[in-house]
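To keep things clear, I will list the structure first and then write my remarks on it.
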Amino acid sequence: MKELSKRFDFISIDEKWCKYWEENDTFSAKANPDKEPYTIVIPPPNVTGILHMGHALNNTLQDIIIRYKRMKGFETLWMPGTDHAGIATQNVVEKQLAKEGKSRQDVGRDAFLERLWEWKKEYGDTIIHQLKKLGSSCDWNRTRFTMDEGYSEAVKTVFIKLYEKGLVYQGERIINWCPRCHTALSDEEAEHQETHGHLYHIKYPYKDNPKEHIIVATTRPETMLGDTAIAVNPNDERYKGLIGKKIILPLIERELEIIADEFVDPEFGTGAVKVTPAHDPNDFEIGKRHDLEFINVMHPDGRINEQGGKFNELDRFEARKLIVKELKELDLLVRIDTHSHAVGHCYRCSTVIEPYLSKQWFVKMKPLAEPAIEAVNSGKIKFHPQRWTKVYMNWMENIRDWCISRQIWWGHRIPIWYCQDCNEIIASSQDPKKCPKCSSTKLRQDPDVLDTWFSSWLWPFATLDWPQENEDLKYFYPTSSLFTAPEIIFFWVARMIIAGIEFMGDIPFSDVYLHGTVRDAKGRKMSKSLGNALDPLEIISEYGADALRFSLIMNSGQDLFISKEKFEIGRNFANKIWNASRLILMNAKDIDPDFDLGKTSVCETVALPTRWIIAKYFETVLLVSNAIENYKYSEAESHIYEFFWNNFCDWYLEIIKDQWQDTTVQNVAVKILENSLKFIHPFMPFVTEEIWSIIKEGEAPISVQNWPETLENADNAKTLSSMQTLVDIVISIRNIRSQWKINPKEKIECILVTTSDETSSLLNDNSSIIKALAKVGTLSITQELESTKNNATAVVENIKCIVPLGALIDIEQEKKKTQAQIEQQQKASSTLSNRLNNEKFVSNAPTEVVEKEKARLETIDLNIKELKEVISSLE
RNA sequence: GGGCGAUUAGCUCAGUUGGUUAGAGCUCCUGACUUACAUUCAGGCGGCCGAGGGUUCGAGUCCUUCAUCGCCCACCA
């Protein structure tokens, strides 16, 4: 067997295995009828930039489960890819252009798109490269992009299907408009932030009596330029007589009428509302109800247009200032209250969103949502942690139509053409040559593109080449689980469920795991602008990919608070694994390849520490497996960490230090190491792969090895507990040795002091174990005795040492405590039996409650019996 | 305005269906250069489990009220 280098050089190891896995297609997957499929689709990172810590966490989680399932014998597919991220990517390229002093209009649509594709190529590749460096075991040959050719087919097909069903429609209404990005946004893309603004109270004079006025309140005074009515509640006594009265709109001098509408809340503001149907969703509705004029007073970039009279061309906020100033001068401003309310901001550039009247494409969501609600209600799709179900449901049940058209260039062009001659609207997945109605060839494609999420929601099946039918699609769809951040439940998760059911007739995945947000040590979100972002690649080069992965997962219960030092835990652990392996390789020379841990664990002649570590090992395999299955990754890691470091290294390897000539010891150490590498592998793929390749030279990589076998839990647990007392002795001996500075080679005399029957019988029954223990621990036993605290202390002074084995407990106190417990339990027992004897209770309570109470009574009675035995043993 | 989560050692967090004396890591302190590892080893200090009330023989765990922090949703101008 080869030896490990003295230094653990993660840089070259990371690189070596990245390359190896890729060159050997270790993770390629194909439909295999002999195996069960396990599929994950990656949440495709945006091609806007480089990977951040959130990605590192997200992909590590996916990699753990996929590597685990692969070792468990599933045909695993982890589908990689990237997202074109419409607005976001267009924005970064526009910024790039701006540095050259150009706008996208300057270069033109085609040239601009070319720039975007260049960008995509560079950053898409970078991201894939970074995912590989993280150790992600994706099937890289299948890497997809949300705008590659086949994918466009899927998008067009979906659009047309929905259009034909009447679920995609065009409509003119108030949408969220970003004046900076010059595009419509969906409701989800408007981020509402609590803002401290102002509520302006303005006088609107009557036409017939300009000295009198009605007072309205507004947060956006500039919208008054588009006012076409004043509304009051029809039941508001203050205003009843005024309905129908004419008003002259200040500054604009337009004539308005006071109308009555139930929507107006008499309690808010003055109870009178200025109505601006083109700039407010509620006013829009009022406008429709009362057949008002819709006056748009703004350019798409947020400047006032010619409708604004002398405010023409002013920016909306400039106009606001000026209008307030002029109103003041005209003595029409009553007062300004401070007012905090939620204001929508663009989720890509944080510009204040303008409610804006515009013609857009929408998806009718209600009918699509129903089966998606059912899928979660019926338990076909489960959220982990479960509480997210509520969030999902709340959105689904209050779902609104989805605005899907964007006035940008980067994205899937809407497959709609307009006939210039007869105004026919043509939906087609191919470019149509002529109008089917009038045969005109003057066709113009809709200039808009689709919301980026309109392609993302097809990801689980579009990546498998839908709408084409093929074997892979049938085999790998539906996928198994989805790992993502809660921020995109609505954007992505919910819509994928809708699309999966609608277009594939089946849910897209059965489990959704929502992980926490990565924050800095102070709890702030990591972001480039705050300058608190840690770069995963930097961590990888400083601590290693395994360290990055391990530390991230260790902290991944809820939100993660990450500082650089946290990665030391992972680095140290990887180093520990390396050095433990070194030690074992240096000492294990006589290795039996068929050595069976299961058999050895029940072999009575084997020394106690060895039997114990084997039992502990089997326990750990089970704990780790269960934790992974239940999506409790940090828990799995704690089990691994504790077993490997505390039990195996610090305890077992220390104890057997001078036992290496024993071949059983050698084999046990090697076998436990090998199998530990296996269950550590999903978490730390690089170091385990490297050590495995040295121990098992010539064998297949650990990535494709089988997951270690488990023993029946109950039996193993029994073995463990029966040995625990004895193991405590070993620990005590070691402690005494170190405290009393006794040379490890020197035999020490000790007395085993026992108090309970259980322990002494254990010692008697296991004299062979004691002997084995003596052999290992260089312990010689001179006498065994039962003792009280007092004579134990007396003994201490004369003898070299004693092994405190529960003997140094104050017997009197122990008795008292036990007695108190007995009394308590007896009380419980009597109340319980009273209850069970009460006919009312037995006949009225549900049967399972009665059964439960009976079971409780039984255990309590058993407890009492045991406690009484303890008392008698103390006497 | 509605919903969700958090509150346990100085810090970061575990704590499974209520059940003996509430755990770990880091920090701090004490000791060990024992050649696999100082990215180490052995030990120690440190907790009215956010506050009040309730259910129970028994509550960190269940119910209720409150406080503080965080997140999400929401078209009262």
Side-chain angles (χ1 to χ4, degrees), chain A residues 4 6-8 174 176 187-188 190 192 199-200 216-220 223 231 263-265 267-276 280-286 339 341-342 344 355 385 387-388 390-391 394-395 398 400 486-487 489-490 516-517 519 521 523 525 543 547 554-555 557-563 565-566 568-587 630 632 634-635 638 641-642 645-646 649-650 653-654 657 731 734-735 737-739 741 743-744 817-818 820-821 823-832 852 856 859-860 863 867 870:
Chain A
L4 264 59
K6 189 160 168 56
R7 217 176 69 84
F8 167 49
I174 302 275
N176 299 294
D187 292 334
E188 288 69 33
H192 290 273
L199 193 58
Y200 302 85
V216 298
T218 179
T219 52
R220 294 183 297 150
T223 61
F263 168 78
V264 180
D265 175 7
E267 301 295 312
F268 189 88
T270 60
V273 188
K274 58 190 269 313
V275 183
T276 323
D280 183 277
N282 297 317
D283 294 7
F284 177 78
E285 294 300 324
I286 296 176
H339 179 65
H341 59 137
R387 64 171 186 275
W388 294 108
K390 245 183 162 171
V391 175
N394 187 46
W395 186 78
N398 299 295
R400 286 176 289 169
E487 288 107 87
I489 290 184
F490 311 138
T517 309
R519 297 168 185 283
K525 225 172 181 169
Y543 297 91
M554 194 104 225
N555 288 284
Q558 301 202 7
D559 277 4
L560 297 80
F561 297 84
I562 295 293
S563 57
E565 301 78 61
K566 296 238 164 148
E568 286 172 10
I569 300 173
R571 179 199 58 185
N572 295 356
F573 189 49
N575 186 256
K576 193 74 187 178
I577 297 171
W578 183 262
N579 279 297
S581 306
R582 263 192 81 202
L583 172 71
I584 292 167
L585 285 196
M586 277 161 47
N587 290 293
N630 292 314
K632 305 214 163 144
S634 58
E635 199 178 287
S638 329
Y641 190 84
E642 182 179 329
W645 199 317
N646 298 346
C649 292
D650 289 349
L653 293 183
E654 287 297 327
K657 213 145 209 176
I731 292 171
R734 285 205 336 138
N735 290 348
R737 210 185 277 284
S738 102
Q739 264 168 31
K741 299 195 173 113
N743 187 313
K817 241 164 64 183
T818 315
Q821 273 177 35
E823 275 161 30
Q824 205 196 40
Q825 295 281 313
Q826 275 171 342
K827 237 178 174 176
S829 168
S830 73
T831 37
L832 265 178
K852 209 179 151 191
R856 261 173 59 184
T859 44
I860 287 173
N863 281 350
L867 286 167
V870 169

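Every chain is numbered from 1 and lettered A, B, ... according to where its sequence line falls, protein lines coming before strand lines.
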Next on the checklist: Just verifying a value: how many Å separate L583(A) CG and W578(A) CH2, rounded to the nearest 0.5 Å?
Outcome noted: 14.0 Å
Checklist entry - What's the spacing between F8(A) CZ and S581(A) OG if we round to 0.5 Å? => result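 Here the rounded value is 10.0 Å.
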Distance check, [atom1] atoms only: [N] and [M], in whole angstrom units.
| N | M | atom1 | value |
| --- | --- | --- | --- |
| rU12(B) | rC48(B) | C1' | 23 Å |
| rC45(B) | rG31(B) | P | 16 Å |
| rG5(B) | rA9(B) | C1' | 23 Å |
| rC33(B) | rA42(B) | P | 15 Å |
| rA6(B) | rA14(B) | C1' | 15 Å |
| rU55(B) | rC29(B) | C1' | 44 Å |
| rG50(B) | rU8(B) | C1' | 10 Å |
| rC76(B) | rU7(B) | C1' | 34 Å |

Checklist entry - OP1 or OP2 of rG3(B) less than 4.0 angstrom from a side-chain nitrogen or oxygen of K390(A), does that happen here? => result no
Does any part of the side chain of [Y], heavy atoms only, come nearer than 4.5 Å to the side chain of [X], both counted from C-beta?
| X | Y | answer |
| --- | --- | --- |
| F490(A) | N394(A) | no |
| F561(A) | N555(A) | no |
| N646(A) | Y641(A) | no |
| E487(A) | T517(A) | yes |
| T276(A) | K274(A) | yes |
| I286(A) | F263(A) | yes |
| C649(A) | E654(A) | no |
| L653(A) | I584(A) | yes |

Item to check | Counterpart residues, side-chain contact (heavy atoms from CB on, under 4.5 Å), relative to S634(A) (two or more places apart) | outcome: S556(A)
Checklist entry - Who are the side-chain contact (heavy atoms from CB on, under 4.5 Å) partners of D280(A), not counting sequence neighbours? => result R220(A), N282(A), D283(A)
Checklist entry - What pattern of brackets, bars and dots sums up RNA chain B from 5' to 3', given Watson-Crick or G-U wobble pairs under 3.5 Å, [ ] for crossing pairs and | for another strand? => result (((((((..((((.....[...)))).(((((.......))))).....(((((..]....))))))))))))....
Next on the checklist: Once you apply a heavy-atom cut-off of 4.0 Å, does K566(A) come out as touching a base, just sugar-phosphate, or nothing?
Outcome noted: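 If one applies the 4.0 Å heavy-atom cut-off, K566(A) turns out to touch the sugar-phosphate alone, with no base involved.
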Checklist entry - Using a cut-off of 4.0 Å on non-hydrogen atoms, how would the nucleic acid contact of A342(A) be classed: base, sugar-phosphate, or nothing? => result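 Answer is base: heavy atoms of A342(A) come under 4.0 Å of a base.
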Which residues share a side-chain hydrogen bond (donor to acceptor under 3.5 Å, both in side chains) with [X], sequence neighbours left out:
| X | result |
| --- | --- |
| N575(A) | N579(A) |
| W395(A) | E188(A) |
| R519(A) | D559(A) |

Protein and nucleotides 13-16 of chain B: nitrogen or oxygen contacts under 3.5 angstrom:
none

Checklist entry - Taking CG from D283(A) and P from rA77(B), how many angstroms apart are they, rounded to a whole number? => result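 Atom CG in D283(A) sits about 11 Å away from atom P in rA77(B).
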Sort me out a list of protein N/O and nucleotides 23-30 of chain B N/O pairs below 3.5 Å, or just none if empty.
none

Return the polar atom pairs (N/O with N/O) between nucleotides 36-40 of chain B and the protein under 3.5 Å, or none.
from, atom 1, to, atom 2, distance (Å)
rA36(B), O2', N579(A), OD1, 2.6
rA36(B), O2', R582(A), NH1, 3.3
rA36(B), N6, E654(A), OE2, 3.3
rA36(B), N3, N579(A), O, 3.1
rA36(B), N3, A580(A), N, 3.4
rC37(B), OP1, K6(A), NZ, 2.9
rC37(B), O4', N579(A), OD1, 3.2
rC37(B), O4', N579(A), ND2, 3.3
rC37(B), O2', N575(A), OD1, 3.0
rC37(B), O2, K576(A), NZ, 2.7
rC37(B), N3, K576(A), NZ, 2.8
rU39(B), O4', R571(A), NH2, 3.4
rU39(B), O4', N572(A), OD1, 3.0
rU39(B), O2', N575(A), OD1, 3.2
rU39(B), O2, N572(A), OD1, 3.4
rU40(B), OP1, N572(A), ND2, 3.2
rU40(B), O3', K576(A), NZ, 3.2

Taking only nitrogen or oxygen atoms into account, show me every contact under 3.5 Å that the protein makes with nucleotides 71-73 of chain B, one pair per line with its distance.
none

Checklist outcome for this item: Applying salt bridge (Lys or Arg N to Asp or Glu O under 4.0 Å) to D265(A) and not counting sequence neighbours gives none
Checklist entry - Does K390(A) have any salt bridge (Lys or Arg N to Asp or Glu O under 4.0 Å) partners at least two apart in sequence or in another chain, and if so, which? => result none
Item to check | Proximal nucleotide (of rG3(B), rA77(B), rU12(B)) relative to the H341(A) side chain | outcome: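 Nearest nucleotide to the side chain: rA77(B).
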